[in-house]
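Structure, as structure tokens:
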Amino acid sequence: MTTDVIPNEYRGLDAGQMRGRIREHKERLGAKLCILGHYYQRDEVIDFSDFQGDSFKLAEYGASAKAEHIVFCGVRFMAEASAILAASGQRVYLPAFDAGCPLADMAEIDQARAAWDALSRVGVADDFLPVVYMNSSAAIKAFCGDRGGTVCTSSSAGRAFDWVAAQKKRVFFMPDRNLGINTALAKGFNANEIAVWDPFSPNPGVAKEARAVVWKGHCHVHTFFTTAQVERMRAKYPGCMVVVHPESDPEVVAASDASGSTSFLKKYAEDAPAGSTVVIGTEINFVQRLARQNPDKKIVPLARSLCPNMFKTSMADLLWVLDELGGVNEIRVAGDVASGAKTALDRMLGL
Ligand code: 13P
Ligand code: SF4
């Protein structure tokens with residue numbers, strides 16, 4: 001019999017034994033199995049991934065994978081997107097079923113509907129297209145797809161803004177305030193052309209003149225970074241380069257040399273000249289891995305900030321899902337939600 005809670009005996013297993021058993025599963029299943037790993041995952045998990053990437057790349061890999069079983073080592077919104085994009089007959093699993101994302105939870109479907117109703121009341125709803133960050137529920141993605149909008153990730157947010165402008169519309173961005181503001185500023189918007197939408201205190205008046213409206217949600221892993229940390233690092237490592245993920249506060253992005261998705265940060269570290277120092281503001285597991293992979297330069301975390309949800313997936317969770325493959329932790333998205341969300345995700349992949 002299988003349950004949806006990992007049995008206790010898995011927690012005490014020897015690491016070497018677990019590695020051996022996971023390898024056996026991979027050999028036995030061959031092309032029927034595809035393990036995807038987000039860069040923020042622990043090394044003990046990412047070591048088994050067939051593909052590693054940022055959330056955009058993993059969505060692409062998932063959409064083109066031929067495997068019958070896709071095990072997504074990441075957080076729920078990523079596995080949900082993969083399940084929505086999967087072909088019929090493909091099944092997607094999330095090894096740590098409670099690995100959510102607090103940022104994604106900051107936009108609830110009823111709040112999104114209420115926001116659109118409020119915009120309608122002041123006569124501007126049709127001026128806007130929703131752009132929804134990948135870090136959102138399937139219901140929010142469907143809301144967006146049904147209203148002509150697109151999903152984006154941190155690596156495609158700029159393209160999504162261009163896509164909206166090409167349709168002579170304005171951007172309503174959910175749910176990450178910082179990515180919305182940072183993208184708008186990078187696109188040349190003035191700060192006073194960007195309005196913040198507080199879902200707990202909706203005020204449609206702010207949307208009347210704004211070129212972009214951004215939802216008041218945030219990622220605590222990235223808002224942990226401060227300009228004081230940037231200054232300290234610059235003083236400690238004169239000549240260093242500072243790069244951060246765009247979920248960081250706009251002041252931190254402004255104080256840095258560059259910002260971009262996890263793929264961007266990885267490439268930045270790899271391309272930096274030997275002997276240089278690169279200070280990186282994003283999830284700590286990922287930064288520490290980059291430091292190990294690039295021993296010819298000094299890669300330093302801006303500060304230690306761990307994503308507790310990404311950290312939830314351990315080797316034991318991966319082994320358990322493979323032992324019980326098909327029986328536990330499958331991600332399913334209801335048909336009506338899945339079709340609207342797929343429309344928005346397909347738009348993202350086509351941007
Ligand atoms: P990426 O889109 O850069 O992979 O980031 C995902 C994420 O969750 C960042 O917090
Ligand atoms: Fe969510 Fe932030 Fe963790 Fe990314 S780092 S999964 S946005 S909580």
Side-chain angles (χ1 to χ4, degrees), residues 36-42 45-46 49 51-62 72-82 94-107 131-137 140-141 150-160 173-180 182-183 186 214-225 243-249 252-253 256 258-269 280-290 301-313 345 348-349 351:
L36 300 178
H38 188 270
Y39 286 138
Y40 291 169
Q41 292 284 294
R42 306 186 200 188
V45 170
I46 207 123
S49 58
F51 296 104
Q52 303 172 12
D54 67 0
S55 55
F56 183 80
K57 273 284 160 216
L58 292 178
E60 273 190 337
Y61 287 139
F72 206 120
C73 299
V75 292
R76 176 167 289 263
F77 72 80
M78 296 177 180
E80 259 184 8
S82 190
L94 182 65
F97 221 55
D98 59 344
C101 168
L103 166 60
D105 294 342
M106 285 179 199
V131 175
V132 173
Y133 192 24
M134 182 67 121
N135 305 33
S136 58
S137 68
I140 291 284
K141 291 185 179 79
T150 184
V151 176
C152 72
T153 68
S154 51
S155 63
S156 61
R159 273 175 276 153
F173 190 84
M174 287 181 279
D176 189 45
R177 169 191 174 275
N178 284 352
L179 180 61
N182 288 325
T183 306
V214 301
W215 195 266
K216 195 176 173 190
H218 68 275
C219 160
H220 63 104
V221 179
H222 289 92
T223 52
F224 181 72
F225 300 122
V243 284
V244 298
H245 195 281
E247 287 173 13
S248 310
D249 285 327
V252 175
V253 171
S256 304
S259 84
S261 74
T262 48
S263 287
F264 171 90
L265 300 173
K266 182 170 185 288
K267 188 160 176 358
Y268 197 96
I280 304 185
T282 194
E283 209 276 339
I284 188 69
N285 272 291
F286 176 49
V287 181
Q288 285 177 334
R289 185 175 316 120
L290 289 178
L302 178 56
R304 290 186 64 85
S305 191
L306 179 126
C307 174
N309 281 287
M310 286 285 184
F311 196 73
K312 280 180 182 165
T313 310
L345 282 162
M348 172 186 82
L349 295 174
L351 279 178

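As the structure lists them, so they are numbered: ligands from 1, and atoms in each ligand from 1.
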*asked:* So if I count the atoms of ligand 1 from 1 in the order they appear, which ones are less than 4.0 Å from some heavy atom of S261?
replied: 3 (O)

*Can any side-chain N or O of K216 pair as donor or acceptor with the backbone N or O of R177 at less than 3.5 Å?*
no

*Determine yes or no for a side-chain-to-main-chain donor-acceptor pair under 3.5 angstrom, with K141 supplying the side chain and S136 the backbone.*
yes

*Search all heavy atoms of P308 against all heavy atoms of H220 and return the closest pair with its distance.*
CD-CE1, 3.7 Å

*Look at atom 5 (O) of ligand 1 and say which protein heavy atom is nearest, naming residue and atom and giving the distance to 0.1 Å.*
H245 NE2, 3.4 Å

*Is there a heavy atom of Y39 sitting under 4.0 angstrom from any atom of ligand 1?*
no

*Are any side-chain N or O atoms of S156 and backbone N or O atoms of R159, one a donor and one an acceptor, separated by less than 3.5 Å?*
no

_For the student: nearest non-hydrogen atoms of F225 and S248, plus distance_ = CD1-OG, 3.9 Å

*Considering only heavy atoms of S55, which atoms of ligand 1 have at least one such atom less than 4.0 Å away?*
1 (P), 2 (O), 4 (O)

*Validation row: F56, M348 side chains within 4.5 angstrom (heavy atoms)*: yes

*Between S305 and V221, is there a donor-acceptor pair closer than 3.5 Å when you use the side chain of the first and the backbone of the second?*
yes

*Can you tell me if R76 uses its side chain to pair, donor with acceptor, with the backbone of A99 under 3.5 Å?*
no

*Measure F56 to ligand 1 on non-hydrogen atoms and call it side chain, backbone, both or neither using the 4.0 Å cut-off.*
neither

*Would you mind checking which non-hydrogen protein atom is closest to atom 9 (C) of ligand 1, with the distance to 0.1 Å?*
E247 OE2, 3.1 Å

*ligand 1 versus H222: contacting region, heavy-atom distance under 4.0 Å*: side chain

*With a cut-off of 4.0 Å, which atoms of ligand 2 are near a heavy atom of Y40?*
5 (S)

*If you draw a 6.0 Å radius around NZ in K312, do more than 12 non-hydrogen atoms from other residues or ligands fall strictly inside?*
yes

_Closer than 3.5 angstrom, by distance alone: can the side chain of Q41 be matched with the main-chain N or O of M310 as a donor-acceptor pair?_
yes

*asked:* If the cut-off is 4.0 Å to any non-hydrogen atom of S154, which atoms of ligand 1 fall inside it?
replied: 1 (P), 2 (O), 3 (O)

*Leaving waters out, which protein N, O or S atoms fall under 2.8 Å from atom 2 (Fe) of ligand 2?*
C219 SG

*Do side-chain atoms of N135 reach the backbone of A104 as a donor and acceptor pair under 3.5 angstrom?*
no

*How many angstroms lie between atom OH of Y40 and atom CD1 of I46, to the nearest 0.5 angstrom?*
11.5 Å

*Tell me, which protein residue and heavy-atom name are nearest atom 6 (C) of ligand 1, and how many Å apart are they?*
H38 NE2, 3.7 Å

*Which of the numbered atoms in ligand 1 are below 4.0 angstrom from a heavy atom of T262?*
1 (P), 3 (O), 4 (O)

_Once you restrict to heavy atoms under 4.0 Å, what part of N135 touches ligand 1? Side chain, backbone, both or neither._
side chain

*With only distance considered, is D54 within less than 3.5 Å of ligand 1 through an N or O on each side?*
no

